[in-house]
Amino acid sequence: MESILLDVDYTYEDEKNIMVLHLKEGKKRVIKAMEYMPYFLVGDISKEELENAIDLLGREVPELKIEGKVERFFGDKKKELWKVVVDTPQNVPKVKHVLKHMIEGRASFYEFDIPFKKRFLMDHKLDPLGKVKYNEKNNITSIQGAGEGEVELIAGAFDIEVYNPEGIPREERDPIIIITYKDNEKEYFISTKGKGKNVVNVKDEKELLEKFDSIIKESNPDVLLGYNSSQFDFPYIEGRVKKLHVDMELIERRRKIRKGLVNGYKLRNNIHLDLYPAVRLLTTMGAINVQRLTLKDVYKAMFGEEKLMVDRAEMWKLWDEDDDELLDYALGDARATYRIGEEVLPLEMEIARTSKTTLFDASLSTAGQLVESRLMYYAALEKHIIPPKPKENEVKQRLENPIEGAFVKLPEPGIYDNIAVLDFRGLYPSIIISYNIDPYTLTDGEGYESPSGYKFRKDYRGLVPRVLEELLVTRAAIKKEIKKEKDKEKLKRLKARSQALKILANSFYGYLGYARSRWYSRECAESVTAWGRAHIKSAIDKAKEDGFDVLYADTDSLFLLMGKKSKEDVLKFLNKINESLPEKMELELENFYTRAVFVSKKSKTEKRGAKKKYAMLAEDGSIKIRGFELVRRDWSEIAREIQKKVLESILKDGRKEKAIAIVRDAIKRIKEGKESLDKFAISTQLNKKIENYEAIGPEVVAAKRLRDSGMPVGKGTLIRYVITKEGKSISDKAYPLSMAKNYDPDYYIKNQILPAVMKILKELSVDEEELLTGTKQQGLKGFF
DNA sequence: GCCGTAGGACTACCA
DNA sequence: ACTGGTAGTCCTACGGCG
C-alpha cells in the first residue's frame with residue numbers, strides 16, 4: 001500500500017521505542033507503528049576497550065551494546081566508527097557522557113545529539129509529505145523523492161470567542177461563547193445564541209465544547225488551522241474543559257512542544273498548524289511585510305482588503321445585545337484564518353518537504369533549523385558525519401567574535417533623475433557555489449583564494465555548496481515549469497515550491513555564520529562576505545570606467561546615474577560584466593527609475609548622506625521607499641503619513657511649494673486637534689521583561705502603566721503609546737493608547753513631523769523657518 | 001542643584 | 001535563536017558652573 005507520510009511520533013511502550021507514522025492513504029488517515037533503536041557513534045578506539053567500558057556501564061543501562069561498524073566521511077576522508085545502541089533516546093547523551101569520562105582522551109564521539117525522530121527519518125530515507133510503502137510487518141520498504149508526490153491535505157480553520165466584558169479573558173471565570181469552524185465544505189457557528197443556516201445551537205458551554213469536538217471528529221481535517229491557537233485558543237479550551245469536566249477527544253493526549261523559543265501545541269489525530277509562527281517566519285524572510293502580526297493586519301497585507309471581523313474587546317457587547325451580525329462577525333475570523341491558510345499551507349508543505357522536516361515541526365522552525373535539517377538529511381544519506389551542536393561556551397565565543405559583513409557605499413544626498421538599479425542575483429548563494437565554500441573544503445593547499453585569505457579546494461566538492469546548488473538547480477527547473485503551467489492548483493503548488501527553495505537557499509550564508517550552527521565556520525562566512533564586497537566594489541569600478549556615476553550601492557545592488565547614457569548602454573555594461581563573472585554569478589537589471597531622493601544623516605556637525613534610506617519613482621509610476629521613517633512602525637502614523645505625502649509630492653511633482661503646503665496644513669490640523677488619537681500612537685516591541693530594562697524609555701513607562709491596569713505585558717508585547725500633555729520628560733508623558741486622554745501637539749510637531757519632513761525638504765533648500773513662518777527671518781521660538 | 005552633552009541602550013530597518 | 005551594517009530616539013551619567 002502506498003501512502004503519504006504526514007507526521008512521526010515517538011513513544012515508549014512495553015519497554016520498546018516505538019515510532020508512530022501518521023500516513024494518508026487515499027482520503028483516509030492511518031497509523032503504523034514500528035520499533036526503532038537510538039544510537040550514537042564512537043571512533044579512535046579498539047573494540048575491546050570500548051566493550052570493557054560498555055560492560056561496566058551495561059549493568060545500569062539495559063540493551064546497551066556495540067551493534068557493529070559503520071563508515072562515515074569527514075570531508076573526503078573515510079573513518080570507521082562503532083555504532084553503540086542505547087535503550088532510550090534520553091540515554092544517548094547520558095551514556096555518551098559517562099563513557100567519555102571512562103575512556104577520556106582515547107576515543108571520539110559522534111552524532112550523540114541528533115533528535116530521535118530526525119534520526120529515524122534519515123535512516124529510513126523518509127521524506128515528510130513524500131510517498132512511502134510498507135509491508136505486513138509495518139516495515140517501510142521503499143520510498144520516492146518528495147518532489148514526486150502530489151499531496152492534497154484537507155484543512156479546517158477554527159476560532160473561539162470568549163465573553164470578556166472586563167478586558168483580558170480569564171479561564172477560571174469567562175466562558176467560551178462561540179466556536180466557529182470552516183473547512184472546504186462547511187461552516188459552523190456553534191453557540192447558545194444565534195439562528196440561521198450554519199448555526200449549531202447548544203444549551204450551554206459544556207455542550208458547546210462537546211459539539212465542537214464531534215464536528216472536528218466528523219469533518220476530520222488533516223490540518224487544523226488556527227491563528228495564535230497554540231498560545232490562546234487551545235490553552236483556553238483546555239482550561240475550560242478542566243473546569244467544566246468535559247471529555248474532549250480533540251485535545252486528549254495533546255503535547256505541548258517547545259521548539260527553540262516557539263511554543264507548539266501538538267494534537268494526536270490532526271496536524272495542528274498555528275498560522276501565527278508560520279506567518280512570522282515569512283515576515284523574517286521578507287515574504288510579506290506587516291506592521292503588526294495580528295490576524296487583521298496579516299489578512300489585509302495578504303489580500304489587500306479589510307476582513308469582516310469584530311474587535312475582540314467588543315464581542316461581549318454584541319453578545320449582550322443579541323446582535324444579528326454576531327454570526328457573520330464571528331465567522332469572519334474562521335474565514336480569514338482559512339483563507340490565510342489557503343496561501344500559507346501550500347508554502348508550509350513545501351518548506352517541510354524541502355527541509356525534510358515534518359509539517360508540524362516545519363511550522364515551528366526557524367530558518368536556521370530548516371537549513372540544518374536539510375543538511376543533516378543529505379549528510380546522513382551520503383554517510384557524511386553530522387557535526388555536533390556547539391556547547392554554550394563555544395556559542396558565546398562565536399557571538400563575541402562577529403565577522404565583517406557587507407559593503408555599503410556612502411550616497412551623496414540630493415534629488416536625482418534617471419537611475420538604473422542593478423543587482424547580483426542571489427549573491428551569497430552564488431558565491432558559496434562558485435567558490436566551493438564549505439568547512440571541509442577549507443585548505444592550506446591549492447584552491448580558490450578568498451579576499452580574506454582563506455582557500456577552498458577545487459578537487460573535492462563540499463556538502464554545503466552541493467546541497468545549496470541542488471536547491472538552486474531545482475528552483476530554476478520549477479521556474480521553467482511555472483511559465484508553462486496553466487492549471488491553477490498546480491501553479492500554486494509550483495510557486496510555493498519555488499518560494500520554499502528560495503527561503504532555504506537564502507538562509508545558507510546566515511547558517512554558516514550562525515553561532516549555534518552545526519556547520520558554523522568563521523572562515524567560510526567571512527569568505528562569503530569578503531567575496532561579496534570584492535564583487536560589488538569591482539562592479540562599481542567597472543561602471544565608473546564605463547562612464548557611469550555610481551550613486552549608491554548596498555551589499556549586492558548598485559545604483560547608476562544614467563546621465564546622457566541610454567538603457568542600451570546599461571544593458572551593454574551588464575553583458576560585459578557578466579562575461580567576467582563566474583558562471584553561477586550574474587548581475588541583473590532590477591529596474592529603471594525616473595527620479596530618486598537621497599537625504600542627509602541627521603547630524604549636528606557633518607553633513608553626510610544617509611545609507612539605507614531612499615525613495616524612488618519607477619517608470620511605471622510605482623514608488624519604492626526604503627528606510628524612511630514612514631516604513632518604520634516605531635513612528636506615529638501621523639508623521640509617517642505626512643512624510644509619505646511629502647516624498648510622493650517631490651517624486652511626482654518636484655516643486656517645494658506643494659510639499660510645504662502639505663506640511664503646513666498637517667501642522668494646523670494637529671494643533672487644532674482635528675486628527676484622531678490613534679494616529680499619534682507609536683508602536684514599540686518589548687524585547688525583554690519590563691524589569692530587565694536599564695534605560696527606562698517611553699515604551700517601558702507606557703508598558704508599566706499598561707501592566708498596572710491589569711493587562712498582560714512582557715517580552716514580545718507590542719506597546720502602542722501616545723505622548724500626552726501629562727508629565728515632564730517624554731517618558732513621563734507616555735501613556736498606552738488605550739489609556740491616553742490627549743496628545744501633546746508640541747511634541748508631535750517638534751519630534752515627529754519636523755524631523756521626518758525636514759530631512760527631505762532640506763534637499764530642496766527649505767529650512768525650518770521658511771516652512772513654519774513663510775519667511776527666513778524669524779526663529780523657531782516665535783512659532784511656539 | 002542645574003545645564004548641556006557624549007555615550008549607551010534600544011528598536012527597527014536594509015540587504 | 002540565519003548574518004552584519006545602519007539611522008535614529010531617548011535616557012543616563014558626568015563634568016562644568018557657581
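Note on naming: letters A, B, ... go to the chains in the order of the sequence lines (proteins, then strands), and numbering restarts at 1 for each one. Scope of the values below: all heavy atoms of this structure, side chains included, with no hydrogens, waters or symmetry mates.
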Exercise. Taking ring pair (Phe, Tyr, Trp, His ring centres under 6.0 Å) as the test, write out the residues that go with Y520(A), two or more places apart.
Key: none
Quiz item: So what does S517(A) touch, heavy atoms closer than 4.0 Å: a base, only the sugar-phosphate, or nothing?
Solution: nothing
Practice problem: Indicate, with a heavy-atom threshold strictly under 4.0 Å, whether G510(A) touches base, sugar-phosphate, or nothing. | Solution: base
Quiz item: From the list dA12(B), dC2(C), dG8(C), which nucleotide is the closest neighbour of the side chain of S507(A)?
Solution: dC2(C)
Self-check item: Residue pairs fulfilling salt bridge (charged side-chain N to carboxylate O under 4.0 Å, His left out) with at least one residue in residues 728-740 of chain A, sequence neighbours excluded
Solution: K733(A)-D744(A)
Practice problem: Look at the side chain of T684(A) and decide which nucleotide, out of dT6(C), dT9(C), dT11(B), has an atom nearest to it. | Solution: dT11(B)
Exercise. Identify whether any heavy atom of K759(A) sits under 4.0 Å from a base atom; if not, whether one sits that close to sugar-phosphate; answer base, sugar-phosphate or nothing.
Key: sugar-phosphate
Self-check item: Distance-only donor-acceptor test, R632(A) side-chain atoms vs dT11(B) base atoms, 3.5 Å
Solution: yes
Quiz item: With a non-hydrogen cut-off below 4.0 angstrom, is Q369(A) in contact with a base, only sugar-phosphate, or nothing?
Solution: nothing
Quiz prompt | Pairwise distance NZ(K502(A)) to OG(S507(A)) - rounded to 0.5 angstrom | solution = 11.5 Å
Exercise. For Y747(A), report the nucleic acid contact type (base, sugar-phosphate, nothing); a contact means any heavy atom under 4.0 Å.
Key: sugar-phosphate
Exercise. Have a look at W635(A) and say if it touches a base, only the backbone sugar-phosphate, or nothing, with a 4.0 Å heavy-atom cut-off.
Key: sugar-phosphate
Exercise. Have a look at Y693(A) and say if it touches a base, only the backbone sugar-phosphate, or nothing, with a 4.0 Å heavy-atom cut-off.
Key: sugar-phosphate
Exercise. Considering just the side-chain nitrogens and oxygens of T366(A), establish if one lies under 4.0 Å of OP1 or OP2 belonging to dC2(C).
Key: yes
Quiz item: Across the strands shown, which category fits F424(A) at heavy-atom distances under 4.0 angstrom: base, sugar-phosphate, nothing?
Solution: nothing
Practice problem: Just call it for R626(A): base, sugar-phosphate, or nothing, with non-hydrogen atoms closer than 4.0 Å on any strand. | Solution: sugar-phosphate
Quiz item: For V631(A), which contact category applies under a 4.0 Å heavy-atom criterion: base, sugar-phosphate, or nothing?
Solution: sugar-phosphate
Exercise. Only one of I682(A), L737(A), N742(A) passes side chain to side chain contact (heavy atoms under 4.5 Å, CB included) with V722(A); say which it is.
Key: L737(A)
Quiz item: To the side chain of S731(A), which of dT11(B), dC11(C), dC2(C) is closest?
Solution: dC11(C)
Practice problem: Just call it for I403(A): base, sugar-phosphate, or nothing, with non-hydrogen atoms closer than 4.0 Å on any strand. | Solution: sugar-phosphate
Quiz item: Which part of the nucleic acid, if any, lies within reach of N751(A) when heavy atoms closer than 4.0 Å are counted: base, sugar-phosphate only, or nothing?
Solution: sugar-phosphate
Quiz item: Heavy atoms under 4.0 Å, any strand shown: does K688(A) hit a base, just sugar-phosphate, or nothing?
Solution: sugar-phosphate
Quiz prompt | Given dC2(C), dA12(B), dG4(C), the nucleotide with the shortest approach to the side chain of P402(A) | solution = dG4(C)
Practice problem: Check whether more than 12 heavy atoms from other residues, nucleotides or ligands sit under 6.0 Å from atom NZ of K624(A), and answer yes or no. | Solution: yes
